[in-house]
Every structure is written in structure tokens, then in C-alpha cells.
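These notes are about the structure you will find just below.
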Amino acid sequence: MPTITLPDGSAREYEGPTTPAQVAESIGPGLAQSAIGARVDGELVDLQHSITEDASIAIITARKGESESSDDALWLIRHSAAHVMAEAIERLWPGVQLVYGPPVDGGFYYDMHLPDDVKISSDDFSRIEEEMKSIISENRPFTRYNLDVTEGMKKVEGEGSKYKIDNAQRAIDAGSDELSWYATGTPGENWEDLCRGPHVPATGRIGAFKIMNIAASYWHGDSKSDQLARVYGTAFTDRKQLKRHLHQLEEARKRDHRVIGKQLGLFTIDDAVGQGLVLWKPAGSIVRQELQDFISTHTRRQGYDQVFTPHIGRLELYRTSGHFPYYQDSQYPPIIERDQLSTLAAEGCTCGELANRLETGEVEGYLLKPMNCPHHIRIYASEQRSYRDLPVRLAEFGTVYRHEQSGELSGMLRVRGFTQDDGHLFCTPDQIGQEVMGCLELVKVIFETLGMQNYRVRVGLRDPDSAKYVGDPENWALAEAACVEAAEKMGVDFESEPGEAAFYGPKIDFVVRDAIGRDWQLGTVQVDYNLPERFDLSYIGADNAAHRPVMIHRAPFGSMERFIGFLIEHYAGAFPAWLSPEQVRVLPVSEKSMDYARTVEAKLREHDLRAKLDTRDERLNSKVRAAAELKIPYLLVVGPRDAENQTVSVRAHGIEKDLGAVGLDEFTTALAEEVSSRSHGTALRQLFPDAAPDATE
RNA sequence: GCCACCGUAGCUCAGUGGUAGAGCACACCCUUGGUAAGGGUGAGGUCACGGGUUCAAGUCCCGUCGGUGGCUCCA
């Protein structure tokens with residue numbers, strides 16, 4: 001006689017074993033009809049799941065129309081849609097071997113191994129969808145049945161798919177004492193798949209779906225293993241939700257930094273220069289320079305010293321640091337002097353030998369620097385250091401080059417040449433805590449100014465069972481505690497991830513998500529015991545003996561390329577005035593007002609504002625439109641009335657109307673103040689308190 | 001790097017093996033205007049590159065380069 005507790009706390013008793021379906025039925029026919037699954041004691045299950053003991057239960061329903069379905073509901077629908085898609089594809093292309101088909105963020109996919117003569121392309125999507133529609137319209141029940149491990153393995157092995165055998169074996173290895181199948185219909189008659197479930201009660205409950213994309217994947221995520229085809233789709237309770245989802249995807253694509261970067265003339269990547277090498281156009285350079293100035297102001301306040309170092313360094317330097325040859329694959333090849341090359345060529349040296357000799361140091365060369373730390377380390381080592389000098393904090397916007405795999409390159413977010421807001425701190429072990437804290441404070445100040453709230457913090461700690469780490473365990477414990485404490489004090493949510501530390505020390509990473517849903521690591525703070533050792537760094541302690549300093553690497557924003565790529569998407573190109581390439585544009589109503597317009601422009605420039613004048617022979621409508629598309633924060637319309645009164649008629653980005661006229665001096669002062677305080681929309685709020693305060697966000 | 005798809009004017013994109021297209025942007029002319037495209041005229045092309053098939057290739061085939069998405073990688 002199980003007692004079932006509902007989410008509202010009420011309890012019901014049932015005769016003998018029951019199911020979520022029966023529970024829903026007993027509550028009401030409406031609920032029974034819209035139920036698609038349940039959580040029993042927190043576990044997601046089928047409606048037919050057998051409940052034999054007291055349990056708490058929450059019925060999962062598919063909400064229609066405007067209200068959004070819960071994550072659980074979408075998970076069930078998408079997982080079930082993956083099955084339907086797999087069945088459809090198997091019908092269309094017999095011989096396809098299914099591998100694995102889970103729901104994911106925003107949809108689902110199914111990995112499959114295609115016979116050699118089968119290729120699925122986006123042209124086939126409508127056929128797949130038609131087939132799926134027919135399966136859905138048959139409204140066949142998802143029917144689960146279980147076999148014990150022996151029987152189950154016998155069945156899977158009999159069917160002979162190595163992928164399914166592997167899946168079954170993994171389930172058993174993970175501790176399952178039985179294997180389960182889901183048939184869409186009657187087991188033995190209809191299509192079925194090895195699957196742990198759960199699913200919606202019947203195919204008809206998949207309200208709306210769409211095949212989105214096809215891509216390749218590797219079996220077990222191993223690039224040396226079988227290549228699989230991955231078909232992506234998405235599914236919702238009904239068409240309305242699907243339509244809204246597709247619309248959101250379209251809107252998100254408009255924020256894509258590559259699209260906006262082109263529209264606003266911020267940057268370009270030119271094949272004539274090279275893959276993954278960003279050319280900052282004048283407008284983008286302004287954004288970058290402003291941001292660098294901003295960051296520099298704060299690092300100076302934190303006691304950093306600015307340094308500059310060259311773009312290349314001797315190979316020996318990187319042999320010492322260990323970067324060469326360990327990361328050779330992702331470095332541009334070494335630069336070897338011409339004389340040396342000719343000598344080697346004359347000796348008949350092969351490429352393989354050359355590589356060997358470069359590695360051993362018999363042949364010397366230069367490396368396009370993959371990291372700034374060795375250069376900074378040599379600056380530290382250039383003087384004798386006392387404990388009184390520590391921490392030494394060196395900062396540089398240092399450009400590094402990494403030969404990333406071509407398939408990885410993506411706009412400004414993954415490039416081959418990039419400038420890190422790099423810094424290296426050399427300190428005593430007991431200074432680590434305060435220094436890590438300082439790094440996080442900097443991040444916090446800058447993210448707050450930029451209005452960035454949607455970032456995650458990851459604290460990478462060592463795996464206690466692994467021996468791959470350098471440095472003594474006591475120091476590690478100290479450094480890890482410092483990182484965790486700093487993250488806690490920063491007051492943001494963070495995840496501790498054991499095993500994610502670098503081999504040389506724990507780290508804190510900042511992760512953001514781009515317009516199309518991909519995660520990117522921006523900044524990082526890393527404690528390092530390794531490099532001071534490798535470079536034999538020291539300082540003289542109070543005891544007059546030499547001691548080893550600890551290094552902290554920190555690039556709180558990662559690279560200027562990635563950070564600004566992300567920032568473009570964050571603002572959808574509508575930068576706050578202080579960052580905006582063009583802060584204010586003057587629009588004369590007609591040529592007759594051109595003289596006054598020039599006075600206005602000159603006045604703005606006197607206040608160091610980035611102002612431009614639209615001199616085109618166009619109507620005002622056209623000038624407003626052009627400026628609005630460039631997302632310029634402030635537009636000043638000037639006509640005869642304004643000339644007479646020494647006023648400007650203001651329009652602000654995001655507010656699609658004339659806000660009214662204010663005195664030229666008044667406007668200029670207010671905007672100059674907004675810019676110098678790096679605030680967002682203060683001039684607008686000051687001059688036009690009635691205008692929507694958040695409209696420029 | 002792997003797989004799939006894509007590459008046509010500065011940009012966004014049409015284009016059925018048979019004369020290379022549109023809109024925007026650009027130049028010039030008309031227009032002198034008060035808040036998201038005033039009108040006209042014109043210029044602009046090695047259809048990514050290299051081979052091949054064909055009487056004929058932007059279109060079909062092969063290769064190379066580049067881009068996009070995913071996978072893998074990321075000190």
C-alpha cells in the first residue's frame with residue numbers, strides 16, 4: 001500500500017503497486033491527459049514506471065502554447081524524438097548502424113555509422129521529417145521491456161552491432177543489473193532500441209520537431225576511432241514553441257560578432273594575410289584601445305609594472321620553459337637563420353634530422369612566441385630580488401601565436417595570433433592568497449563596468465589520486481585553498497573541478513557563452529610552481545638565504561580578440577559611449593545647416609569626443625537610418641531652429657524618436673562626463689529623465 | 001586535423017549545361033529636406049583557384065585554397 005506524496009505535500013494511498021499514470025488519473029483526467037512522464041523520488045521515469053513503495057512524485061506535463069515546457073518535459077520529448085528520427089533514418093537507409101542518441105541543450109542528436117555508399121545531406125532532411133511525421137501520426141506507444149544481464153547481452157550480441165554491444169557493456173560496467181529496450185509499438189513487431197529511457201508515453205506526444213543539422217563525430221569522442229554521422233534535431237510540445245525557438249536562433253545569429261564585426265567595420269580576417277589572423281580596422285581598434293586603457297588603469301592601481309617584450313625568442317628559452325617541444329604541434333615552426341639552413345642543406349640534412357637537432361639544441365633558432373611568461377621571467381631574473389621587492393607584478397598586452405587546428409578557427413573567438421592581457425606575479429608562497437584575490441577583484445570591477453553577469457567561474461583543483469603534479473603537496477593545499485577562498489570572496493557562483501588543475505598548479509577560469517551557444521574560456525588565473533623551478537628563480541629572504549618564488553599567471557580577459565569578440569555579442573554591437581568607435585554623429589537637416597553642423601562637430605571634438613558629420617546629400621530619414629544601423633549612441637540633428645538657438649536635437653540609440661533639443665554646451669558636457677566615467681547612458685538620463693533609462697542596454 | 005555543407009559585384013543573395021543578375025553600398029545629376037531608405041543615370045565580375053568532361057561549364061567530375069557547423073584539440 002504505497003503512500004504517494006505530491007509536490008504540494010499532500011499524500012495519497014494506493015492499493016498495491018501503482019504507476020505515475022494511475023496517480024495522474026486519480027488526480028484528474030486533465031492531468032492524466034497532459035502527463036508525459038514523472039519524477040519519482042527525484043528520478044525521471046516513464047508514466048508506466050512501477051511504484052511499489054512510498055514515494056514522492058511530480059507529474060511532468062507538456063504545456064502547450066505560450067507557456068514554456070519544463071526542462072524535464074523537453075528532455076522526454078527530445079529523447080523520444082531521437083528514437084523516432086533513428087527509426088525514420090533506418091527505414092530510409094537500411095544498413096545504418098545506430099550508436100547513441102541523447103537529448104542535449106536545445107534539442108537532440110543521434111550518432112550513427114553509415115554504410116560506405118550512404119551519405120545523408122541537408123537535402124534529405126525533408127524526407128526524414130516526412131518519415132518521422134508518419135511515425136508520429138501512428139501514435140505508437142513507447143513500450144519498455146527489460147532483460148537480465150545475461151539474456152540482454154545474448155540478445156545484443158545476436159544482433160551483432162558492435163556499437164550496441166559496447167553500449168550494453170558500458171551500462172553493465174556502470175552497475176546496471178538489467179538492460180532495457182524501448183519499442184515504438186509492440187516489442188517484437190515494431191522498431192526498438194536499447195535504451196535506459198525514459199520516454200513519453202507515445203510517439204504522438206512529440207508535438208513539433210525539426211531536423212537541424214548534420215555533422216561528424218567520433219565514436220567515444222576519440223579522433224582515432226570510427227567516424228560517425230551525427231544528425232541534430234530539436235523538438236517541442238507544439239509548433240508555437242518550435243517557431244519561437246527558431247526565431248530565437250535567428251535573432252541570436254544577428255548578434256554573432258562576425259556579422260556585427262562586418263556591419264560596423266570592426267575587424268576583418270583576410271586570407272591574403274593568413275588564417276586566424278585578425279586585422280583590426282580603425283573602428284575595432286578604438287574599442288580595443290579604450291578597453292586596454294581601462295584595464296591598464298586598474299592594473300596600475302594594483303601595483304603592476306608595464307613591460308614590453310618582443311614577438312620572438314630563442315628556442316632555448318622555450319626548451320627551458322618546456323613549451324618546446326611539448327606543444328610543438330600547435331606552434332608555428334621555428335625560425336632558423338638562413339646561413340645555418342644553407343649549411344644544413346649542404347650537409348644533406350633531412351627534415352626529420354632537422355626536427356631532431358632542433359629538439360636537442362644542436363640547431364638553434366627562434367620561436368614565434370606561444371606564451372609571454374618566459375620573457376617576463378627573464379625580466380624578473382635580470383636583477384637580484386629581495387623579499388622586500390615581492391610581489392613583482394609585470395603586465396603586458398603581449399601578442400602570442402599558436403598554430404591552432406584549422407577546423408578550430410572561429411572569427412575572433414579562436415584565432416592563431418592574439419594579444420593576451422597578460423601578467424605575471426612573482427611572490428612568496430604566503431602571498432598567493434592576496435595576489436589571487438587581487439586578480440579576481442580586477443575581473444569583478446571590469447565585468448561590472450561592462451555589465452557582464454553571465455559568466456561562470458571554474459576552479460581547477462588537482463586530482464588527489466594522480467601523481468602528475470609538480471610541487472610539494474603542502475604548497476598545493478595552500479594554493480588550492482587560496483583559489484577557493486578567493487572565488488568565495490568574489491561572491492560569484494563557481495564550480496570546483498578536481499582533476500582540472502594544470503600539472504603545475506591550480507587555476508581559476510572564467511567561461512562565457514557566445515551567441516550561438518558555445519562556451520569559451522576568457523580569462524584565467526593560474527598558480528605555478530613549475531616555471532620558477534625550471535628557470536631557477538630566486539629571491540633573498542629575510543634569513544639572507546635564497547628562496548624560490550611562486551608565479552601566478554593571469555590573463556583575466558584572456559585575449560583581446562576573444563574578449564572583444566564576446567563583447568560585441570554581449571552588446572549586440574551597441575557599445576556604451578566610452579567604447580563606441582563613433583560616439584556621436586551630427587546630422588544636418590539640409591545643406592543649409594551645414595555651417596552650424598560643422599561648429600557642433602568641432603565643439604564635440606574639442607571635448608575629445610569621437611564625432612562625425614554626415615555630409616551626404618540625403619534626406620534626414622536616410623541619415624538617421626544610416627547612423628542607427630551603425631548603432632551610434634547619440635545622434636544630433638541640427639537644423640535652422642537649432643542654429644538659431646545654439647541647440648542640438650538629440651536621438652539616442654535604442655530610443656526610436658526625437659528626444660528634443662538641448663543646448664549644445666549642455667549636451668557636450670554631459671556626454672564628456674558619461675565617457676570619462678565609463679558609464680552607460682548617463683548623459684541620456686541626465687538630459688532626458690523621462691526617456692526609458694534602460695533603453696540603451 | 002576529421003566529416004558534411006558552402007564559395008557569383010564592396011555587402012546580402014538569385015541564377016534550368018546555351019549572352020553574368022537583383023537589392024544595398026559607391027560615383028554623378030536632380031532634389032534643400034526636422035527623425036529608420038526622395039528620384040534618376042552610371043560604374044562595378046578571371047562566377048575562389050587549377051585541371052577534366054562537353055559543340056558549349058557559374059552550373060557536371062577531380063584536386064587545391066578558403067569559410068561555416070559539428071567532432072577532436074586548446075600550455
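This is a predicted model, so every value here is computed, not measured. Naming: A, B, ... by sequence-line order, numbering from 1 per chain.
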Which part of the nucleic acid, if any, lies within reach of [X] when heavy atoms closer than 4.0 Å are counted: base, sugar-phosphate only, or nothing?
X      : answer
A/Q331 : base
A/F503 : nothing
A/S649 : base
A/Y326 : nothing
A/R651 : base
A/S590 : base
A/R641 : base
A/D329 : nothing

Task: Positive for side chain to side chain contact (heavy atoms under 4.5 Å, CB included) with A/V637, one of A/V648, A/V650, A/D658, A/L620 - done: A/L620

Nearest-angstrom distance from the residue atom [atom1] of [X] to [atom2] of [N]:
X      : N      : atom1 : atom2 : result
A/D595 : B/rU32 : CG    : P     : 18 Å
A/M212 : B/rU68 : CE    : C1'   : 15 Å
A/L413 : B/rC73 : CG    : P     : 19 Å
A/Y109 : B/rC71 : OH    : C1'   : 10 Å
A/D614 : B/rC26 : CG    : C1'   : 15 Å
A/E404 : B/rG67 : CD    : P     : 14 Å

Task: G-U wobble or Watson-Crick pairing nucleotide for B/rG45 (cut-off 3.5 Å, both distances) - done: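 Across all strands, not a single nucleotide pairs with B/rG45.
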
Would you state whether a donor and an acceptor, one from the side chain of [X] and one from the base of [N], lie under 3.5 Å apart?
X      : N      : value
A/D271 : B/rG67 : no
A/R616 : B/rA25 : no
A/R230 : B/rC71 : no

Open item on the list: Tell me whether A/R78 forms a cation-pi arrangement with A/F108, defined as NZ or CZ under 6.0 Å from the six-membered ring centre and within 45 degrees of its axis.
Closed with: no

Task: Aromatic ring proximity A/Y163/A/W219, centre distance under 6.0 Å - done: yes

TODO: Any chance you could list the contact pattern along nucleotides 37-43 of chain B? Use B for base contacts, S for sugar-phosphate-only contacts and - for none, protein heavy atoms under 4.0 Å, 5' to 3'.
DONE: BB-----

Open item on the list: For nucleotides 1-8 of chain B, give me one character per nucleotide, 5' to 3': B if any protein heavy atom sits under 4.0 Å from the base, S if the only such contacts are to the sugar-phosphate, - if neither.
Closed with: BBBS----

TODO: Answer yes or no: is there a side-chain heavy-atom contact under 4.5 Å between A/D614 and A/R585?
DONE: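 Side chain of A/D614 against side chain of A/R585, heavy atoms only: contact under 4.5 Å found.
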
Task: Side chain proximity check, A/V638 to A/V589, heavy atoms < 4.5 angstrom - done: no

TODO: Pull out every residue in residues 259-266 of chain A that has a heavy atom closer than 4.0 Å to any atom of RNA chain B, ordered by number, or say none.
DONE: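 Heavy-atom contacts with RNA chain B come from A/K262.
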
Task: Closest-nucleotide ordering on RNA chain B, the 5'-leading residue of A/C373 and A/G411 - done: A/G411

Task: Atom C1', compared across B/rA43 and B/rA20: separation rounded to whole Å - done: 16 Å

